[in-house]
Undergrad: 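Please see the structure below; I have some questions.
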2 protein chains.
Amino acid sequence: MSTLGDLKTFAITNTLRSCKLFTGLPQTDLANIAAVTVVKSLEKGDYLFHEGDAASGFYVIQRGAVNIHRVTATGKEQVIHVFRTGDSFAEVALAAPTGYPADARALENSQVLLVQKDGILALLKRQPELALRMLGSMSSHLRVLVGQIEDLTVKDVETRLANWLVKRCPNPQSDAPVKIELTTNKRVLAAELGTVSETFSRTLAKFRGLKLIAVKGKTLTVLSPAKLRALLKRNLGE
Amino acid sequence: MSTLGDLKTFAITNTLRSCKLFTGLPQTDLANIAAVTVVKSLEKGDYLFHEGDAASGFYVIQRGAVNIHRVTATGKEQVIHVFRTGDSFAEVALAAPTGYPADARALENSQVLLVQKDGILALLKRQPELALRMLGSMSSHLRVLVGQIEDLTVKDVETRLANWLVKRCPNPQSDAPVKIELTTNKRVLAAELGTVSETFSRTLAKFRGLKLIAVKGKTLTVLSPAKLRALLKRNLGE
DNA sequence: CGGGTTCCTTGACTTGAATCAAATAAATAC
DNA sequence: GTATTTATTTGATTCAAGTCAAGGAACCCG
């Protein structure tokens, strides 16, 4: 049982509340979840878990970024998704078979909450509302993966990059330049887009040549979101 | 309310029981689910739903096969998964946002059960055990998708086909030939493997040349599962 | 500042697989 | 059975993108 008012519990419930999975839950529920939760600190590059590891629970990111990926026999890394502050992931842990299906590594110094499997399962049995939320969360992961399968197989790198950039423009119809600060190095971003750094670099160069973007170090500037969006539509629509 | 002993309900509960999602549930639970379930018959080629359609529930296949896919702007179809008798799919319907994320089409004449969203949600609220099963089911779909992302991006067609064939050999270490009957035409199978019929055909031809398989109409014979497995390992391991 | 990483970019080359085109083969209808 | 459509195979061509190689740029650290 958690002691109400306990300082650590309080800090954890605050983080939990900021996670979409748990927003709006009554304080008592949050405290119950906090009671089965432990905080983990990760240095950049640390592995949180590996494919096949016994799944001890699922995670909520308090601060930082975690890269979920698979490593092939040839050592290549296929990025499945990058989760950031407030995201939850690895809900798959709650169901048998209990091994994680992929690797997870911190892309920067991060702090995550591990919501322990046994504890949360017991809670879920008592609180169907929570179970439905977990269903919702997993369903949104499924949607992302379905989208990604299409992305990776159907679109070329140029289209994927255009899409990625447009998604980051607050108002893609406008002509006002938008600055985008890269939070990772370009090799990691290339991997997120399902390609390698060379191809990524060439595609950036192409866009630069088309005066669609400007690149200065880790700052990308979309010169005209509207034009970029037009290119994207052209690529998709034909 | 369903009348217990009602013939239709009885038929439905029998199907439900054969679905992994529901096996072992007590008869009363099954009857409750049956009460919110409707049977749908599909002709080969019929669409069950399209991407973006309001999701009225999830499905259990009683007989036949359903192809889940996305259609791109260029009209190309990317197969996400093929579900068969006893499988459940589109559990994603239970969570908002309510549109289906892909298209579903019958690959052959089929009969499916639609477990209606509203009804099952009400049940889930009362029966957390059921909610946990749904979590399990979605989590296994997640695992499949994660595997597929790796498949599609990392492996070449030869490796994907070898993998597909080996999976269908009861004992892949053995040297005893295995017959595999195709349940669809080769274009559909090619799409499942993330390629087109021409490339699929060439890859079959290659395997035939290597005496790994024999092809006669819709019957593939793996001449030596062990040899095929060796090729697969070679492709993956280097 | 100078040497050592690590990261990024560019060029040259290679290749797996899609596309286009055309020739069978198989299935279905009339 | 013959016609017609649909599937499958094969050949030739093209292309996106990965790999290999080499030069810069940026960053770190003493």
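Bear in mind that the values here come from a model prediction, so they are computed numbers and not experimental data. A, B, ... follow the sequence lines: proteins, then strands. Residue 1 opens every chain.
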Undergrad: In whole angstrom, give the distance that lies between atom CZ of B/Arg208 and atom C1' of D/dT8.
TA: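 Between C1' of D/dT8 and CZ of B/Arg208: 11 Å.
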
Undergrad: Nearest to the side chain of B/Ala205, which nucleotide is it out of D/dT10, C/dA12, C/dC8?
TA: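 Between D/dT10, C/dA12, C/dC8, the one nearest the side chain of B/Ala205 would be D/dT10.
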
Undergrad: Please state how far atom NZ in B/Lys206 lies from atom P in D/dT9, giving the value in whole angstrom units.
TA: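 Taking atom P of D/dT9 as the reference, NZ of B/Lys206 is at 16 Å.
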
Undergrad: State whether a side-chain donor-acceptor pair under 3.5 Å links B/Gln111 with B/Arg63.
TA: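 On atom types as modelled, these side chains qualify, holding a pair under 3.5 Å.
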
Undergrad: Calculate the interatomic distance between A/Leu189 atom CG and C/dC8 atom C1'; express it in whole Å.
TA: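 In whole Å, C/dC8 C1' and A/Leu189 CG are 13 Å from each other.
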
Undergrad: One thing to verify: whether A/Lys218 and A/Glu181 come together as a salt bridge, which I'm taking to mean a side-chain N less than 4.0 angstrom from a carboxylate O.
TA: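 Looking at A/Lys218 together with A/Glu181, the answer is no, because their closest N to O distance does not fall below 4.0 Å.
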
Undergrad: Quickly work out the B/Phe207 CZ to D/dT8 C1' distance and round it to whole Å.
TA: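 Nearest whole value for this atom pair: 18 Å.
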
Undergrad: Does A/Thr199 have a side-chain nitrogen or oxygen under 4.0 Å from the phosphate oxygens OP1 or OP2 of D/dG18?
TA: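 Looking at the OP1 and OP2 atoms of D/dG18, one of them is under 4.0 Å from a side-chain N or O of A/Thr199.
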
Undergrad: If you check the B/Ser201 side chain, which of C/dC8, D/dT19, D/dT10 turns out closest?
TA: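 Given the options C/dC8, D/dT19, D/dT10, the side chain of B/Ser201 is closest to D/dT10.
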
Undergrad: Would you please confirm or rule out a distance under 4.0 Å between OP1 or OP2 of C/dT9 and any side-chain N or O of A/Ser197?
TA: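 No, no such contact exists.
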
Undergrad: When you measure from the side-chain N and O atoms of A/Lys218 to the phosphate of D/dA26, is any distance below 4.0 Å, counting only OP1 and OP2?
TA: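 No.
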
Undergrad: Could you check how far CZ of A/Arg187 sits from C1' of C/dT9, rounded to whole Å?
TA: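 Rounded to the whole Å, the gap is 15 Å.
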
Undergrad: How many Å lie between CZ on A/Arg160 and P on D/dA17, as a whole number?
TA: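 After rounding, the reported distance stands at 7 Å.
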
Undergrad: Measure from the side-chain heavy atoms of B/Asp156 and tell me the nearest of C/dA17, C/dC8, D/dA17.
TA: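 From the listed options, C/dA17 comes nearest.
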
Undergrad: Base, sugar-phosphate, or nothing for A/Arg202, non-hydrogen atoms under 4.0 angstrom?
TA: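 Base, at least one base atom sits under 4.0 Å.
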
Undergrad: Roughly, in whole Å, what's the span from CG in B/Asn185 to P in C/dA25?
TA: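 From B/Asn185 CG to C/dA25 P: 19 Å.
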
Undergrad: Anything under 30° is parallel, anything over 60° is perpendicular, the rest tilted; go ahead and classify B/Tyr100 against B/Tyr59.
TA: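 The arrangement is tilted - the two ring planes meet at 30° to 60°.
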
Undergrad: Between D/dC20, C/dA18, C/dC20, which one does the side chain of A/Glu198 approach most closely?
TA: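 Nearest nucleotide to the side chain: D/dC20.
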
Undergrad: Report yes or no: do A/Ser137 and A/Glu91 form a side-chain donor-acceptor pair below 3.5 Å?
TA: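 Judged by distance alone, the side chains do pair up.
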
Undergrad: Whole angstrom is fine here: how far is it from NZ in B/Lys155 over to C1' in C/dA17?
TA: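 Whole-Å distance recorded here is 18 Å.
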
Undergrad: Could you tell me whether the phosphate oxygens of C/dT9, OP1 or OP2, come under 4.0 Å of any side-chain nitrogen or oxygen in A/Lys186?
TA: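 Looking at the OP1 and OP2 atoms of C/dT9, one of them is under 4.0 Å from a side-chain N or O of A/Lys186.
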
Undergrad: With a 3.5 Å cut-off and no angle check, do the side chains of A/Glu158 and A/Thr203 form a donor-acceptor pair?
TA: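 Not at all, the side chains of A/Glu158 and A/Thr203 share no donor-acceptor pair under 3.5 Å.
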
